[in-house]
Amino acid sequence: MRMIHGHIESVINRPTIPLSLVVRTRTSLGTDRLECVIGTNSRINRGSTRLSVEELRVGEFVVATLRVHAGWLEAEQIDVIKLGIDSAIGLSGEDIPTQGADRIA
């Protein structure tokens, strides 16, 4: 299985194609857009709260576990992560840049 992380660019919900999610992620080569199908048994969580697809918002940061099929990807689990001070990725108040003249160059 493959894991990706990034910001939601769009949720595609059209009657002619399967429900899918486009995630904008950063790689060593730059920014990449990845589209994956949201399966009927996919788990979507924000913390310990279960979400529906309609509750996903553009710009939210997600970590998705994907199953690779021949020619397409399926999201098995999507975790919505709230980034902020003292988050799971270890940001602190000192790591967040401030604007203004008091900033050290």
Original post:
Do V62 and I81 come within less than 4.5 Å of each other through their side chains, counting heavy atoms only?
Top reply: no
Original post:
Is any side-chain heavy atom of I38 less than 4.5 Å from a side-chain heavy atom of V53?
Top reply: yes
**OP:** Could I get the full list of side-chain hydrogen bond (donor to acceptor under 3.5 Å, both in side chains) partners for E55, not counting sequence neighbours?
**Re:** S52
Original post:
Shared ILVMFWY cluster between I78 and L73, side chains joined below 4.5 angstrom?
Top reply: yes
Subject >> Partner set under side-chain hydrogen bond (donor to acceptor under 3.5 Å, both in side chains) for T40, not counting sequence neighbours >> reply: none
Original post:
What pair of heavy atoms forms the shortest contact from I8 to R57, and how long is it?
Top reply: CD1-O, 3.5 Å
Original post:
With a cutoff of under 4.5 Å between side-chain heavy atoms, which Ile, Leu, Val, Met, Phe, Trp and Tyr residues group with W72?
Top reply: V37
Original post:
Are I12 and I17 close enough that some pair of their side-chain heavy atoms sits under 4.5 Å apart?
Top reply: yes
Review item, side-chain donor-acceptor pairs of residues 20-31, under 3.5 Å, at least two apart:
unit_1: S20; atom_1: OG; unit_2: E35; atom_2: OE2; d: 3.0
unit_1: T25; atom_1: OG1; unit_2: H5; atom_2: O; d: 2.6
unit_1: T27; atom_1: OG1; unit_2: L29; atom_2: N; d: 3.2
unit_1: T27; atom_1: OG1; unit_2: G30; atom_2: N; d: 3.4
unit_1: T27; atom_1: OG1; unit_2: G30; atom_2: O; d: 3.0

**OP:** Kindly state each residue pair satisfying ring-ring contact (aromatic ring centres under 6.0 Å, His included) with at least one member in residues 28-57, sequence neighbours excluded.
**Re:** none
**OP:** Kindly work out whether a path of hydrophobic side-chain contacts (I/L/V/M/F/W/Y, heavy atoms less than 4.5 Å apart) joins L34 to V11.
**Re:** yes
Original post:
What pairs of residues pass the salt bridge (charged side-chain N to carboxylate O under 4.0 Å, His left out) test when at least one of them lies in residues 38-51, not counting sequence neighbours?
Top reply: R46-E60
**OP:** Any pair with a residue in residues 71-80 that passes salt bridge (charged side-chain N to carboxylate O under 4.0 Å, His left out), sequence neighbours left out, goes on the list, sorted by first then second residue, please.
**Re:** R67-E76
Subject >> Heavy-atom closest pair, residues A75 and L66 >> reply: CA-CD2, 3.7 Å
Subject >> Sequence-distant partners of R33, side-chain hydrogen bond (donor to acceptor under 3.5 Å, both in side chains), two or more places apart >> reply: E9
